[in-house]
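Input: a single structure, listed below in structure tokens.
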Amino acid sequence: MNFLAHAYLSGDDKKLLVGNFIGDFIKGRQALSKFGPEIIRGVELHRAIDEFTDNHPVVHESKDRLRPRYRHYAAVIIDVFYDHFLAAQWRKFHHQSLEAFASDTYKIIESFSPILPVKFKQMFPYMVNGNWLVNYANITGVDRTLSGMASRSPYDSKMEHAVSDLEKYYKEFNDEFERFFPELKRFSEEWVGEL
């Protein structure tokens, strides 16, 4: 899953949110050891969410539709597509508006600025200024996100073309998201509850 899902699945725990949000930017045990236990727990939740997602049969259906054209980038694209469906259907999942939730999330993350990884801190202003979490809700925002990722990739990912596949198979991807996401939500809640 992408940033919006990781933020949403953190619940109301601020440190869990921070760790979950920055999880992709922390590589190795030494990097992880620099954080307190609550942040580490958030990073571990991030990894558990990614593993659950990567191995889920419904997610495989979505990825298989894209794999012939995008190869291993299909997984990255599906993460963004699923964040789109979460944002577009936000009222079904959260009592707070998406705009308010995004604003609160940015403020929480910013309040932990001294401990954030350098690469994340370099990217974060672009996220806030472009209001990525809110803009996932529209096709233009998805296109902008994927095009930006494509421009940063050292390889020819073709991700800048993926919105055409989202539009072509919108119903199929949406159906798969709706089958998958409640299971991911339940998994995350159980994971947090066990700790």
Exam field: side chain [X] to backbone [Y], donor-acceptor pair closer than 3.5 Å:
| X | Y | result |
| --- | --- | --- |
| N129 | P125 | yes |
| H60 | D54 | yes |
| D83 | A5 | yes |
| S147 | R144 | no |
| S111 | I108 | yes |
| S103 | E99 | no |
| D79 | N2 | no |

Within this structure, what is the [atom1]-[atom2] distance for the pair [X] and [Y], rounded to the nearest 0.5 Å?
| X | Y | atom1 | atom2 | value |
| --- | --- | --- | --- | --- |
| H72 | L66 | NE2 | CG | 13.5 Å |
| L16 | I40 | CG | CD1 | 12.5 Å |
| L133 | Y8 | CG | OH | 14.5 Å |
| F25 | M123 | CZ | CE | 3.5 Å |
| D13 | L45 | CG | CG | 9.5 Å |
| T105 | L98 | OG1 | CG | 9.0 Å |

Shortest non-hydrogen contact from [X] toward [Y]:
| X | Y | answer |
| --- | --- | --- |
| W191 | R41 | CH2-O, 3.4 Å |
| H84 | N138 | ND1-N, 4.1 Å |
| K121 | S113 | NZ-O, 3.1 Å |
| V58 | E176 | CG1-O, 3.2 Å |
| E160 | A150 | OE1-CB, 3.2 Å |
| N20 | H6 | OD1-ND1, 2.7 Å |

Practice item. Using the side-chain contact (heavy atoms from CB on, under 4.5 Å) rule, take W132 and L4 through it: C-alpha gap first, then chi angles, then the decisive distance, then the call. Key: CA-CA 9 Å; W132 293 2; L4 181 60; over 6 Å; no
Check your understanding: Applying the ring-ring contact (aromatic ring centres under 6.0 Å, His included) test to Y82, which of F3, F181, F180 qualifies?
Key ->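 It is F180, the one option of F3, F181, F180 that forms the ring-ring contact (aromatic ring centres under 6.0 Å, His included) with Y82.
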Check your understanding: Name the one of Y170, Y136, F93 that satisfies ring-ring contact (aromatic ring centres under 6.0 Å, His included) with F85?
Key -> Y170
[Y] side chain reached by [X] side chain, heavy atoms, under 4.5 Å:
| X | Y | result |
| --- | --- | --- |
| K119 | D24 | no |
| E110 | V128 | no |
| I78 | Y70 | no |
| Q89 | N174 | yes |
| I109 | F124 | yes |
| F120 | I26 | no |

Please indicate whether [X] has more than 12 foreign heavy atoms, meaning atoms of other residues, nucleotides or ligands, lying under 6.0 Å from its [atom1].
| X | atom1 | result |
| --- | --- | --- |
| Y169 | OH | no |
| E167 | CD | yes |
| K14 | NZ | no |

Salt bridge present between [X] and [Y] (N-O < 4.0 angstrom):
| X | Y | result |
| --- | --- | --- |
| K185 | E189 | yes |
| D175 | K171 | yes |
| K158 | D156 | yes |

**Study point:** Criterion side-chain contact (heavy atoms from CB on, under 4.5 Å) on V80 and M149, from CA distance to verdict
**Key:** CA-CA 11 Å; V80 176; M149 292 167 80; 4.0 Å; yes
Exercise for review: Taking the six-membered ring for Trp and the full ring for Phe, Tyr or His, determine whether the centres of F101 and W90 are under 6.0 Å apart.
Suggested key: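 Yes, they do, as the ring centres are separated by less than 6.0 Å.
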Practice item. Go through D64 and R67 one step at a time and tell me if the salt bridge (charged side-chain N to carboxylate O under 4.0 Å, His left out) criterion holds. Key: CA-CA 5 Å; D64 287 348; R67 194 167 277 116; 2.6 Å; yes
Check your understanding: Out of curiosity, does Y126 fall in the hydrophobic cluster containing F21 (side-chain heavy atoms, cut-off under 4.5 Å, transitive links)?
Key -> yes
Exercise for review: Evaluate the criterion side-chain contact (heavy atoms from CB on, under 4.5 Å) for residue pair T140 and V163; output intermediate values, then yes/no.
Suggested key: CA-CA 9 Å; T140 305; V163 161; over 6 Å; no
